[in-house]
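Accompanying notes for the structure given below.
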Amino acid sequence: MIEMKNVYFSYNGKEALSNISFKMQEEFVAIMGPNGSGKTTLIKLVMGLLEPEKGEIKVFGEEPKKVMEYIGYMPQRDAIARHFPIRVRDIVLMGIHKKKFYARKDIEKARETLKAVGLDLWNELFSELSGGMQQRVLFARALVKEPRLIILDEPFNAVDLPSREKMLEILKEKRKEGIPIVVVVHNINPILHEIDKVLLLNRRMIAYGNPKEALNEQNLKKAYGSDVQIIVCDEGYCHPLIGDTHA
Ligand SMILES: Nc1ncnc2c1ncn2[C@@H]1O[C@H](COP(=O)(O)OP(=O)(O)OP(=O)(O)O)[C@@H](O)[C@H]1O
Ligand SMILES: [Mg+2]
C-alpha cells in the first residue's frame, strides 16, 4: 500500500531523510520523532509533493503523484495560511477536487462531514475561528472525499479533549472500513491503543513495528537523545516527555 525502498531526500544539499525503507499495509500507523526529524518531509514524499533524491516510493503500487487524488491529507498547522480570507465551506469543498462546479451531493457531503467533526459552521471565515476549530475544519477537508488513504500531520495539535475524542472515533470507523491511516503525533498516548504500528524517525528510521516493540527505551533515546525523560506508561509502553504534550 505504501512502500519506500532506500529513500533519501535533501533540501539544498542538507539531508533530511536517509535510507528510509518500510512497507505499510491497511493499518493505522503513527509517525513519531523530534522536531526536524523529517516527519513532514516523509509525508510529502508519500503524497508526491516532493520527489526522492534516491530510492523508490510506491503508493497503491503506483507513483505517488498518480494516486494523490485518493489521499485525504491534513497538512501541519503551521503550513496553512490561517489569515487568508476564505470561508469554511470553501476550505472543506477544496477536499473534493472538482475543477468546475460542485454538485448538490458534494455540498451535502461537506455539511455532513463538518457536522461529524462537531462543527456547525458553513459561511464563517476560517481566519476568525480558533486554532482548534481550524484544525477540525482541515480534518473535515481531509475526509470529505471518502479517501482511500488518510494522512494527517499533527492533527490533534491545539484540539481540545472532547474534539480529539470525536476525531479519533471517526478514524476508528475509517480503520474498521479498511482505510489505511498515517498520523504524525508528538504524544502517542491518546492513540496508543488504536494504532497498529509506529514509525520512529530521526532522519534515519530508528524503528518500525508494533508500539510495544518500537517504543522501547533504547529506541526512544536513539530518536530523542539520551537526556530525554522517558515516562514508562501502562503495560510496559514507553513514551518520551517532550515539547507539545497536547498533540
Ligand atoms: N522547505 C524547506 N526548505 C529547506 N529545509 C527544509 C524545508 N522543509 C523542511 N526543511 C528541513 O528539513 C528537516 C526536516 O523537516 P521536517 O519539516 O520534515 O521535520 P518534522 O519532523 O516534520 O518537524 P516538526 O516536528 O517540527 O514538524 C529540518 O531540518 C527542516 O529544517
Ligand atoms: Mg512536521
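Read the numbers this way: they start at 1 and go in the same order the structure lists the ligands and their atoms.
If you check which protein heavy atom lies closest to atom 17 (O) of ligand 1, you get T40 CB, 3.7 Å. The protein atom (non-hydrogen) at minimum distance from atom 14 (C) of ligand 1 is G36 O, 3.5 Å. Regarding atom 25 (O) of ligand 1, its nearest protein heavy-atom neighbour is K39 NZ, 2.7 Å. Ranking the protein heavy atoms by distance from atom 31 (O) of ligand 1 puts K14 NZ, 4.6 Å first. Shortest contact from atom 26 (O) of ligand 1 to any protein heavy atom: N35 ND2, 3.2 Å. Scanning the protein for heavy atoms near atom 27 (O) of ligand 1, the closest one is Q76 NE2, 2.8 Å. The protein heavy atom nearest to atom 3 (N) of ligand 1 is Y11 CD2, 3.5 Å. Of the protein's heavy atoms, T41 OG1, 3.6 Å lies nearest to atom 16 (P) of ligand 1.
Within the sub-2.8 Å shell of the Mg ion (ligand 2), the protein contributes these N/O/S atoms: T40 OG1, Q76 OE1.
Those atoms of ligand 1 that come under 4.0 Å of a heavy atom in P34, given as number and element, are 21 (O). Within ligand 1, counting atoms from 1 as listed, the ones closer than 4.0 Å to a heavy atom of E154 are 25 (O), 27 (O).
Under 4.0 Å from ligand 1, the heavy atoms of R203 that appear belong solely to its side chain.
Put simply, the side chain of E51 does not reach to within 4.5 Å of the side chain of I57, judged on heavy atoms.
Atom CG of N123 has more than 12 neighbouring heavy atoms from other residues, nucleotides or ligands inside a 6.0 Å radius. In R87, the CZ atom is crowded: over 12 heavy atoms of neighbouring residues, nucleotides or ligands sit closer than 6.0 Å.
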